[in-house]
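Just so it is clear, the values below take in all heavy atoms, side chains as well, and ignore hydrogens, waters and symmetry mates.
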Amino acid sequence: MNAPAFQRIVESDYRPVSIGHPPPEFRQQADGSWYIRSLEALGDYPLRLTDRLVSGALAFPERTLMAARGQDGAWIHISYAGMLDRIRHIGQWLLDHGLSVDRPLLVLSGNDLDHIQLMLAAMYVGIPYSPVSPAYSLVATDFGKLRHIIGTVTPGAIYAADGNAFAKAIAATVDAGTEVILGKGALPERPSTGFAELLATEPRNVDAANAAVGPDTIAKFLFTSGSTKLPKAVVTTQRMLCANQQMLLQTFPVFAEEPPVLVDWLPWNHTFGGSHNVGIALYNGGSLYIDDGQPTPRRFGETLRNLREISPTVYFNVPKAWEDLTIVLEQDAQLREVFFARLKLFFFAGAGLSQAAWDRLDRVTEAHCGHRILMMAGLGMTETSPSCLFTTGGVIGAGYIGLPAPGCEVKLVPVDGKLEARMRGPHVMPGYWRNPEQTREVFDEEGFYCTDDALRFVDVNEPALGLVFDGRIAEDFKLSSGTFVSVGPLRAKIITAGAPYVQDVVVTGMNRDDIGLLIFGRPAECRQLAGLGEEADLFEVMTHPKVRDYFRTLLASANQTATGSANRIAWIRLLETLPSIDHSEVTDKGSINQRAVLTRRAELIEALYAGQDDFIIEARG
């Protein structure tokens, strides 16, 4: 293999688990393009995702589908039969109030039991539902994205869990004619409907409405993060959701062997949490425990509390949370006993997991279980509902994304010296809602969705090993010398080498003589490095001599392995402000938008290249 970081999986080292290994087919064209697909046909799948709720309510009516902690800390459970009964009542209310594809349901708040009932009720009766990042209401200050989203989907009703918390956003963006549903609280200057009223509505024609729902019925509008423009509404159909879950099941037959149990916080306004993970539980007769924690210093304790009580069969998280969890697992025997009791698979998504963090997790797992547990990853996106490729090619390592799932066709097209990934299949969106121009822009002449993600083979001489993520084509650029800079690998190198002090990196240098880096540090870890207390502001932390000395050493170390101007870093600049969600610099799941940061901080970059900034850290020699 040409990438020594990737190791072949020795199955005896891992807990036995049913993973599909569908044989791939590879075809290379004269122009250098590749066509890759699984030779395993995609199996049958239901017409509607809620068909799995109906069948589950008949086959195992008392099994928990969803659970969340109540105000007293005890778990509140909703069974399959209970959920079906509830959504029939709610669905009738939605129909009675004239909701439709042109007047869908919009949810402003995060994951909770009311939210999942509204989600499934809308899907059951064929009304699109659109979950919105709570940050657009609770963190943003100008409500620009929320106003754009409401204007795009023109909702007939809006739900918020707490009227008091969301009052300001609703007053600023929601017109007086739109129905507002509240989980609790009230709005000071407009009427609202309590969620309990929906549950009290007597079902009349909901089942007839459900019978009319078909594969092309829109299940939800999911909004992109708005990384280059305002967020786009991705049309997500019933076919897309069901096909993608069948792709997942054939890739991971283990889901059918024991009903999956998830303990999960990933937000439902993102495709990974709301389509992938909710779908895995529902499609396979499993249970999802809503984790009210997050990988932040203030809320991670709630995640640990939940994992000390509920043993998942498969665990999903983002890399930062895996790093934090591993540290606690090393120290907490009680947590290890519960967490590993029936765990069969690890998953991560949202960003790359560093090899150092991965190795550390393997060590604590092997010490407790006597073997490792497979860490699975892949490639997916909102437009593909979400999953396309999984790490099933027989190797393992950071950055590896594997091979196409059954039903997904991948085309790799040469673009600026890289291979752009394009996707086709029943899981791919028909387009962006009310945006035909941008829809046309993202499909090629053969109907493949153009992802703008670059991939490469682990070993082009052995393509069946699978593919590696190779950055975003739109992020790459050329220096003034014409030298091409591959941003993704450079970012990954610095984030890995700078762990745990680096949150993310933005690479500069387009049409310049050399490369510079803007670095967002992790505030808590950098405070600790500096020996400062929580009262220290970010400017004091990032300008502290100990922090600057650390990053000066990191810069020197990174340049020791540089091979030329394409990866030699001339300077770094530690940013003393957090990335702004209002300016699209960061999504609510923490992903950095390179282009938005470069645009917003253009004056700083100009000053840095002109030598007019006092806080630059320059490379020596």
Can you confirm whether the side chains of Glu383 and Tyr432 place a donor and an acceptor under 3.5 Å from each other? yes

Main-chain N/O of His583 paired with Ser580 side-chain donor or acceptor, under 3.5 Å: yes

State, without any angle test, whether Asn277 and Trp268 hold a side-chain donor-acceptor pair at a distance under 3.5 Å. no

Walk me through it: do Asp476 and Val487 pass the test side chain to side chain contact (heavy atoms under 4.5 Å, CB included)? CA-CA 5 Å; Asp476 295 340; Val487 169; 3.6 Å; yes

Among Thr50, Leu49, Thr271, exactly one meets side-chain contact (heavy atoms from CB on, under 4.5 Å) together with Leu241. Which residue is that? Leu49

Taking the side chain as everything from C-beta on, heavy atoms only, tell me whether Asn244 gets closer than 4.5 Å to Thr384. no

Go through the side-chain N and O atoms of Thr543 and Glu576 and say whether any donor and acceptor fall under 3.5 Å apart. no

Do the side chains of His276 and Leu266 get nearer than 4.5 Å, heavy atoms only? no

Do the ring centers of Tyr159 and Tyr129 come within less than 6.0 Å of each other? no

Rounded distance (nearest 0.5 Å) linking atom CD of Gln117 with atom CD1 of Ile87: 9.0 Å

Is the His97 ring parallel, tilted or perpendicular to the Trp93 ring (thresholds 30°, 60°)? parallel

Which label fits Tyr289 and Trp75: parallel for a plane angle under 30°, tilted from 30 to 60°, or perpendicular past 60°? perpendicular

Supply the atom-to-atom distance Arg472 CZ to Thr451 OG1, rounded to the nearest 0.5 angstrom. 6.5 Å

Taking NZ, NE, NH1 and NH2 as the nitrogens, is one of them in Arg147 or Asp142 under 4.0 Å from a carboxylate oxygen of the other? no

Tell me, do Ile605 and Leu518 make a side-chain contact under 4.5 Å, heavy atoms counted? yes

Are Val318 and Trp265 side-chain neighbours, meaning at least one heavy-atom pair lies under 4.5 Å? yes

Between Arg434 and Asp102, is there a salt bridge with N-O shorter than 4.0 Å? yes

Could you check whether Lys145 and Ser584, counting side-chain N and O atoms only, form a donor-acceptor pair closer than 3.5 Å? yes

Ile401 side, atom CD1; Met376 side, atom CE - distance, nearest 0.5 Å: 12.5 Å

Stepwise salt bridge (charged side-chain N to carboxylate O under 4.0 Å, His left out) test for Asp613 and Arg573: CA-CA 9 Å; Asp613 182 86; Arg573 174 61 154 84; 2.9 Å; yes

Do Val174 and Leu106 have side chains that get closer than 4.5 Å, going by heavy atoms? no

Measure the acute angle between the ring planes of Trp433 and Phe221, then classify it against the limits of 30° and 60° as parallel, tilted or perpendicular. tilted

